[in-house]
Amino acid sequence: MSERVNEEKKSPAPGATSGGSQPDGASAGKSGTKSGSMSGGSPVAAAKAEAVLPTLGPLGMLRWAWTQLTSMRTALFLLLMLAVGAVPGSLFPQRPANPSIVTQYIKDNPDYGKILDSLQLYDVYSSAWFSAIYILLFISLIGCVVPRAIAHYKAMRSQPPRTPARLSRLPEYGTLVLPAGAGVPASRAIDDAAGLLTKRGYRVDVRDRDGARPSIGAERGFLREVGNLVFHTALIGVLVSVAVGGLFGYSGQRILVEGDTFVNTLVGYDQFTPGSNFQSSQLEPYSVQLDKFQITFDRESQGKIGQPIDFQADVTTRESPDAPARKEVLKVNDPLTLGGTSMYLTGNGYAPVVTIRDGAGNIAMQGPVVAKLQGDNYYSSAVIKVPDAKPDQLAFAGFFLPTAFVTEEGVSFSGDPELFNPQLTLNSYYGDLGLDDGAPQNVFELDVKKLTPLNARNLDAGGITLSPGTSYTLPDGKGTISFGGVKRYIGVDIHHNPGQLYALIFALLAVAGLVTSLYVNRRRVWVRTGTHADGRTMVEYGLLARGEDHRLAGEAAAIRRLLAGAWDLDDDGGSQSAPSGGADNNRADTTRPGASAGASADVGQASPDHPAADFIQSTAGSSESKKEQ
Amino acid sequence: MLPINETMGQYSELFMLLAAGTYTVAFIAFAWDLAKSSKTLRAVDLKAAGLAGAAAARVPVAAGVGASSSAGTVDRADGDVAGPVGRAERPTSSVAGGSGGNAAGIGHTADGTMRYAAERRAPARVAVALTVLGAAIHAAGVITRALGAGRVPWGNMYEFLTTGAFVAVAVFLLVLVRRDLRFLGTFVVGLAIIMLVAASVAYWTPVGHLVPALQSYWLIIHVSIAVLSSALFTLTFAMSALQLVQTHRQKTIAAGGADKLGFMRLVPSALSLENLSYRINAIAFVGWTFTLMFGAIWAEKAWGRFWGWDTKEVWTFVIWVVYAGYLHARATRGWTGTRAAWLSIVGYLCVVFNFTIVNQFFNGLHSYSGL
Ligand code: HEM
C-alpha cells in the first residue's frame with residue numbers, strides 16, 4: 001500500500017495519478033515509470049529497485065525501515081505470522097485459562113514441559129513474541145492508515161483526472177452518434193452527460209466546454225477508500241478497547257448455596273482477579289441472594305436421559321444496601337446486570353447440610369457443605385473441616401450421591417442426578433488440620449498426612465454412610481455427625497469490563513467499513529464529444545475502475561442507456577444487461593454497425609489531424625477483434 | 001421447550017439416506033458429464049488443430065495468464081490480463097468476459113464470465129436436476145429433524161454435518177442460477193455425500209434437547225452465518241484448487257508441452273477462477289467477520305467474557321486472519337494469482353480443521369459436539 005501512497009504523493013496532478021491506471025500502450029508511455037511502481041509494469045525491475053539497500057545515513061536507514069514496515073508485503077507477512085502465532089495457544093494448555101492443568105502438563109512431560117514454558121507456550125497470547133507480532137502489525141497499520149488518509153483527503157478535494165487522449169484504451173468504452181437534426185451540439189451533449197453523471201453520484205468536471213472537443217472527467221466511489229480506512233482504524237479501536245478492559249476491569253467467582261447472599265465487596269468473593277489498574281472503590285455494594293435453584297433434567301431424549309436441559313436461579317437483588325429488593329431470574333446465557341457488572345451462572349451442585357458435635361458435645365459446625373462434581377449424575381466429593389471441634393479437630397472426606405446405588409463389588413455410583421436416594425459416605429479423621437497458622441488451604445481438598453483416621457472402610461469402625469435425617473456417632477467419643485438435608489448451590493462469575501462496549505462499537509464500525517470498502521466501487525468515467533463535418537454529434541465514453549470491480553461493464557451499459565435515453569436514441573445495446581466483453585467494448589459498433597462504423601471513419605477522413613482519430617482507432621480495433629472471434 | 005418427536009427424527013434419518021442416495025446418482029451424472037464433455041471438446045480441438053495447426057492448441061487457454069501474448073493484439077484490455085501479476089488495477093469483468101469469449105468459441109463449458117453457453121449438455125442437466133431433487137429431500141430431512149427436536153437443527157456434530165451439507169449444496173445450486181459452475185458439481189455433491197455418510201455412520205445422534213449452554217438465540221444467528229460462510233469457502237476452495245491446476249496446465253501448454261489434463265478444458269481459465277473465487281471469498285469473509293463478532297457477543301453472554309482464546313475462538317480467529325491475508329494478497333504485488341490461491345486453500349483447510357479436529361479432540365468451552 002505504501003507504494004500506492006507514495007505514488008499518489010509523487011504525482012499531485014490529478015491527471016498524472018490516473019496515469020498509473022492506464023491499461024497499457026501509448027498513454028502509459030507518459031506515466032510508464034510511475035505505473036511501474038504500482039501496477040508493476042515490470043515487477044522484476046521494481047523488486048530489484050526495492051531490494052537495493054540504500055547507502056544512506058542513519059536517518060535514511062530509519063526511513064527505509066519505516067517504508068519496509070509499512071509496506072503491503074510486510075503487512076501481509078505479519079498477518080500470516082499472527083495466524084501462525086495464534087495456533088500454539090490451542091495446542092498447549094494455557095495458564096490464564098487453566099493454571100493447574102499447565103502445572104500438571106509440565107509435571108507429566110518432564111523432558112520438554114519446561115522448555116515449552118521458557119518459550120512462553122503456556123502464555124501464548126501474552127508472550128513476548130506474540131505481542132511483538134501484533135504490535136508490529138498495528139504499528140504498520142498506523143503507518144499505513146495515516147498517510148493513506150491524508151492522500152485520500154487530498155484526492156477527494158482534487159478534480160477528477162484529466163481526460164485521457166485515447167478513451168478507447170480503457171477497459172470499458174463505447175460511442176454514440178446523434179443525428180445532425182437532433183439539435184444537440186457537442187457542448188450540449190457534454191452538459192447532458194455531465195448532468196446525468198452528477199445525478200448518478202459522480203463528481204464531474206467539465207473541460208473545454210466550448211472547444212471543439214469538450215470532455216468531462218467524472219469520478220465516484222470515494223467511500224470505498226473511506227470504508228477501508230474506517231475498517232483499519234476501527235481495528236486499532238478494538239485493540240485499544242481490549243487493553244482498556246484488561247487494565248480497568250475485574251472478575252471474580254463466588255459459590256452461593258440456596259439462602260446465601262453475595263455482597264459485592266472484596267470479601268464477598270471466593271476468588272478475585274483485578275485488572276492492573278483496579279481500585280476496590282470501584283466495587284458497588286449491591287447484593288444478590290439465592291432464593292432457589294431449579295434444574296430440569298432431560299427425561300425423553302434417547303441416550304441423554306438425566307442430562308440437565310434447564311437451569312434457573314431465582315434471586316433477590318438490591319442495587320445498594322438500602323435499595324428496594326427485586327426478584328430476578330439468573331440463567332445460563334442470560335446474565336444479571338448490576339452495578340456495572342454482570343453475573344453469570346457458571347456452575348452448580350449439591351450441598352448436603354450437616355451438623356457436627358465435638359467430643360465436648362458442642363456444635364462445632366453446622367451448615368451446608370459444597371460438594372464438588374466428580375462424575376456422572378452429580379457424583380460429588382465432599383470435604384468437611386471442623387477446626388473448632390474440641391478437644392481434637394475433626395475432618396471428613398468422602399462422597400455425596402444424589403441417587404446412590406452400590407454394585408455387587410461394593411462400588412457405589414449415582415444412578416440419577418435427582419435426589420431420589422441421597423447418600424453421604426465419609427471417612428473421618430482427627431488431629432491438627434494445620435489451619436491455625438493461617439496458611440491458605442483448598443477447601444475442596446483434605447491433606448490427611450498429619451491426621452489420624454477414625455472411620456474408613458478398612459478400619460474396624462468402618463466408613464460412615466448417612467442418609468438425610470440420620471446421625472452417626474464417631475468412635476472414641478470424638479463426637480457425632482448428622483446429615484440434615486440437601487440444598488443446591490450455584491457458582492457465579494462476576495465480570496466488569498469497561499472496554500467491552502467500545503470493543504463492540506469499534507467492531508461494528510469495522511464491519512461497516514469492510515462492507516463499504518468491498519462493495520462500493522471507485523470508478524472514473526470520461527466522456528468526450530465532437531461535431532462531425534456532416535453535423536452529427538459524436539460521443540465517446542470510457543470507464544475505468546480503481547481496484548476490483550466486476551460490475552464495471554454493467555455500469556458502462558447503464559450509463560449508455562441513460563445517455564441514449566436522454567437523447568432519444570434507439571439504442572438496444574443499452575438494454576443488454578451484462579454483455580460479453582467483445583460487444584461491450586464498442587457497443588455502438590456492434591449494435592448499429594452501419595451507422596457508427598461509417599460515421600467514425602468519416603470523422604477521421606474529414607479531419608485527419610483531429611483528435612477524433614480515436615474514433616478510427618477504436619473502430620478498427622473492434623472490427624478486428626470481431627473477426628478474431 | 002418443545003417435546004421431542006422421535007417419529008419425526010426417524011423420518012429425518014430416512015430422508016438423509018434418500019438424499020445421500022440421490023446425490024450419489026447426481027455425482028455419477030456429473031462425472032459422466034465431465035468425461036463426455038472432455039471427449040467432445042477433445043474432438044473439437046482435434047478438428048480445430050487439423051484446420052488451424054498448432055495455434056488451435058493454445059485457444060482453449062486464451063483467457064489465461066499465459067495467453068496475453070497471443071491475445072494481446074486482439075483485446076485492448078489484455079494489458080490487464082497480463083497481471084494478476086503485479087498490478088494495482090485489477091482486471092474487471094470486461095477482461096474476463098472479453099477473453100473468455102475467445103475460449104467460449106471452442107466449447108468451454110464455462111467461459112470466462114461463467115455464464116451459460118448455448119450448447120446443451122444433457123448429462124450436466126440430468127446431474128443438476130438430480131441435485132435439486134436430492135437437495136429437496138435433504139431439506140425435508142433437515143426440516144423434520146428441526147421439527148423432531150423442536151429447535152434449530154444445529155446443536156451437535158450430526159446436525160452440523162447434515163445441515164452443513166445441505167447449505168453447501170443449496171448455496172451451490174443458488175450460484176448455479178447465475179453462473180455455470182457445473183464443473184464443480186462432482187466436488188460439491190461428492191463432499192455432501194461424504195458429510196452425510198460421516199454424519200450417519202460416525203456421528204449419529206438421536207434427536208434431543210440442547211444443553212443449556214446452547215439455548216440462546218445467538219445459536220441461531222452465529223451458527224447459521226458460520227455454516228453459510230463455510231459453504232461459500234467450500235466453493236472457493238474448489239475453485240482455488242482448480243486454479244492452481246489450471247495455471248500449471250496453462251503454463252505447460254504455453255511452453256509447448258502436451259496437455260495431459262484434458263478434463264481441465266471444462267474448467268474456465270485460471271484468471272476467471274481467481275476473479276470469481278475472490279468475489280465469493282469477499283462475501284464469505286464478511287460472513288466470517290460476523291461469525292467472529294456474534295460468537296464474541298454470545299461468549300460474553302454465556303461466559304462473561306467476549307474473548308478468552310478458547311480453542312474454538314483461536315481457530316475462528318486464525319481463519320479470519322488467513323482470509324484477511326488472502327484479501328491483502330490480492331492487493332499485494334507478487335502475491336496475486338497462485339499465492340493468493342494457496343492462501344484461500346490454507347484458509348479452507350483451517351475451516352475443516354476447526355470443524356473436525358478442534359470440535360472433537362481439543363478441550364475447550366465449546367465442548368458441545370455431542371459426542
Ligand atoms: C490488523 C491487521 C489487518 C487486518 C485484519 C486487515 C484486514 C484487511 C481486509 C479484510 C481488507 C479487505 C477489505 C477492505 O478493503 O477493506 C484489507 C484491505 C487493505 N488493507 Fe488491511 N488489514 C490489516 C492491516 C493492514 C496493514 C498493516 C496495512 C498496510 C500496510 C493494510 C493495508 C490494506 C490495504 C491497502 C487494503 C486495500 C486492498 C485493496 O485495495 O483491496 N492493512 N485489510
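Per chain, numbering begins at 1; letters A, B, ... match sequence-line order.
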Heavy-atom distances under 4.5 Å only: say whether [X] touches chain A with side chain, backbone, both or neither.
X	result
T289(B)	side chain
V286(B)	both
I297(B)	side chain
E6(B)	side chain

Y502(A), OH: over 12 other non-hydrogen atoms inside 6.0 angstrom: no

Over 12 non-hydrogen atoms of neighbours within 6.0 angstrom of CZ in F231(A): yes

Out of [options], which one racks up the most heavy-atom pairs below 4.5 Å with chain A?
options	value
A324(B), G325(B), P206(B)	P206(B)
V207(B), V318(B), I4(B)	I4(B)
A302(B), G208(B), A296(B), G308(B)	A302(B)
W298(B), W218(B), W320(B)	W298(B)

Pairs satisfying salt bridge (charged side-chain N to carboxylate O under 4.0 Å, His left out), at least one member in residues 79-96 of chain A, at least two apart: R95(A)-D117(A), R95(A)-D123(A)

State, yes or no, whether a side-chain contact exists between [X] and [Y] at a heavy-atom distance under 4.5 Å.
X	Y	value
V211(B)	Q307(A)	yes
H550(A)	L276(B)	no
I283(B)	Y519(A)	yes

Indicate the atoms forming the closest heavy-atom contact of [X] with [Y], along with that distance.
X	Y	result
A282(B)	L518(A)	O-CD1, 3.9 Å
P212(B)	P308(A)	CD-O, 3.3 Å
E300(B)	S342(A)	OE2-OG, 4.4 Å
A331(B)	M72(A)	CB-CE, 3.9 Å
V314(B)	A86(A)	CG1-O, 3.3 Å

Heavy-atom donor-acceptor pair, H209(B) side chain to I309(A) backbone, under 3.5 Å: no

L76(A): partners by side chain to side chain contact (heavy atoms under 4.5 Å, CB included), with sequence neighbours left out: L80(A), H328(B), A329(B), T332(B), W335(B), L343(B)

Side chain / backbone / both / neither for [X] at chain B, heavy atoms under 4.5 Å:
X	answer
A97(A)	neither
I494(A)	neither
A503(A)	side chain
Q500(A)	both

From [X] atom [atom1] to [Y] atom [atom2], the distance as rounded to the nearest 0.5 Å:
X	Y	atom1	atom2	result
W309(B)	F130(A)	CH2	CZ	4.0 Å
L210(B)	N333(A)	CG	CG	10.5 Å
L514(A)	F290(B)	CG	CZ	8.5 Å
Q215(B)	D310(A)	CD	CG	6.0 Å

